[in-house]
Asker: 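To start, I am sharing the structure in question, which I have written as structure tokens.
Just so you know, ligand 1 is whichever comes first in the structure, and atom 1 is the first atom listed for that ligand. We're numbering straight along the sequence, starting at 1.
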Amino acid sequence: MHSPDTPTAPAPASPQGGLRFDDTRTAFAHRSTGDLKRARWMFGLIGSPALVALGAKAVRLALAVRFPLGWALRPVFDYFCGGEDIAESMDTAERLSRFGVRTILDYSAEGQTGEAALDAAMEQIIAAIRAAEGDDRFAFAVFKVSALSDNDLLEQVGSGQPNEIANAAWQRVQERVAHVCSTAAEKGVPIMIDAEESWLQGAIDQLAESMMRHHNRGACRVYTTAQLYRHDRLAYIQRLTEAARNEGWIAGVKLVRGAYMEKERERAAEEGRPSPIQPDKAATDRDFDAAIDFALDNLDDLNIVCGSHNESSTLKLGLAMQENGIAPDDPRIAFAQLLGMSDNLSFNLGAGGYNVAKYVPYGPLREAIPYLIRRAEENTSVGGQTSRELELIREEIRRRRDS
Ligand SMILES: Cc1cc2nc3c(=O)[nH]c(=O)nc-3n(C[C@H](O)[C@H](O)[C@H](O)COP(=O)(O)OP(=O)(O)OC[C@H]3O[C@@H](n4cnc5c(N)ncnc54)[C@H](O)[C@@H]3O)c2cc1C
């Protein structure tokens, strides 16, 4: 029996280089039993849809009236975020790296407006790049274009109708994005550009493509993101790869399913246009896995990050690499999950020597609240089923008690 507050030693790698995600000992070796018990309590609470709906409303109200919330949200913040700043997040980066999992620092403030706030956000992203420079605990840097631009402007540019004032603001957005990407390239830190709502994504695609064209000669330094819940994105990845091959650069794509499904469907319905989203989950899964297959056939021109908590897609990619004789640490393929989510994937991949990293959000607690609400909503029980996270945490607590 180990002491309840000491994380266990890393478990040995899976037998015969195999890959399995039900090994809770490896999945939670980085968490003490005390941590796991707190996590069991928290996931139990956020497992109730009614409680989360009520809690989310209460938190939004408390935010609006500036009621102090730190005491109530601290345990959730500590589980899903690295800390309030980069220095505080270093402990998390260190803890993950001991188990073969690297860090992607993600500044979590959202919805900034005004030129000064946008410039300040750019400085935050650059600080995260600097922190990752030459430090093997970090895999990538990341940013959202909406942190560097007003959303209305992105929408106007995407629709191809910017006016003169918008043109000047757009010039500054382009400069911010160029400055962030060239800093990352200079410092040798690959950088990913997150995907956002479809009405913003046209402008984001323009920026991301121009950055990849500029920086991705000889090595993949800038990655865009494709959301496979959109029915047009598999074809987009194929076109991008073709363009990269013809023009002599490498397309970098983080593959995700997509985070804004309800919003997308509602807005399309309001505007009376067809939804950009796939008709059902099976279609999203099919295109996600087809994108993996396409990447495996085109790795010289397309490098990927598989950004997913889906066990079946993650296993499919890991096993296909083995079958095709691709080394687990081949730099053309990486896996990523969010801190506090799907540790069974991240830490088993890490133990198997795969390139795997966690998004580690950081920022003032108040500003991380929208992110925390989304994590809670994602972990509420669906159809009365215990979330996968809670199921695995309970299993590991039982295993430690009985061992
Ligand atoms: C490292 C990382 C980075 C990420 N970066 C981004 C990003 O830049 N942009 C972004 O938008 N999201 C991003 N996400 C979130 C991601 O898009 C998903 O919302 C989330 O990961 C859940 O999908 P999944 O692949 O993990 O697995 P699953 O849980 O198997 O899939 C759930 C997803 O399937 C899709 N889906 C569910 N129901 C339906 C339906 N009825 N019809 C069609 N599709 C459906 C939705 O996209 C839903 O989120 C990121 C996730 C990770 C782990």
Asker: Are Glu197 and Lys144 within salt-bridge range, i.e. N to O under 4.0 Å?
Answerer: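 Looking at Glu197 and Lys144, the cut-off is not met.
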Asker: Just by distance, do the side chain of Ser149 and the backbone of Ser146 share a donor-acceptor pair under 3.5 Å?
Answerer: no
Asker: Check each protein residue for a heavy atom under 4.0 Å from ligand 1 and list those that pass, ordered by chain and number.
Answerer: Asp194, Ala195, Thr225, Gln227, Tyr229, Lys254, Val256, Arg257, Gly258, Ala259, Tyr260, Met261, Arg265, Gln278, Asp280, Lys281, Thr284, Gly307, Ser308, His309, Asn310, Ala336, Gln337, Leu338, Tyr359
Asker: Is the distance from the ring center of Tyr371 to that of Phe80 below 6.0 Å?
Answerer: no
Asker: Under 3.5 Å, side chain of Tyr229 to main-chain N/O of Tyr260, donor-acceptor pair present?
Answerer: yes
Asker: Checking side chain to side chain contact (heavy atoms under 4.5 Å, CB included) between Val180 and each of Ile129, Val145, Ile193, Val222, which is the one that passes?
Answerer: Ile129
Asker: Under 3.5 Å, which donor-acceptor pairs do the side chains of residues 250-257 form with other protein atoms, sequence neighbours left out?
Answerer:
from   : atom 1 : to     : atom 2 : distance (Å)
Lys254 : NZ     : Asp194 : OD1    : 2.8
Lys254 : NZ     : Thr225 : OG1    : 3.2
Lys254 : NZ     : Tyr359 : OH     : 3.1
Arg257 : NE     : Asp285 : OD1    : 2.8
Arg257 : NH1    : Ser308 : OG     : 3.3
Arg257 : NH2    : Asp285 : OD1    : 3.2
Arg257 : NH2    : Ser313 : OG     : 2.8

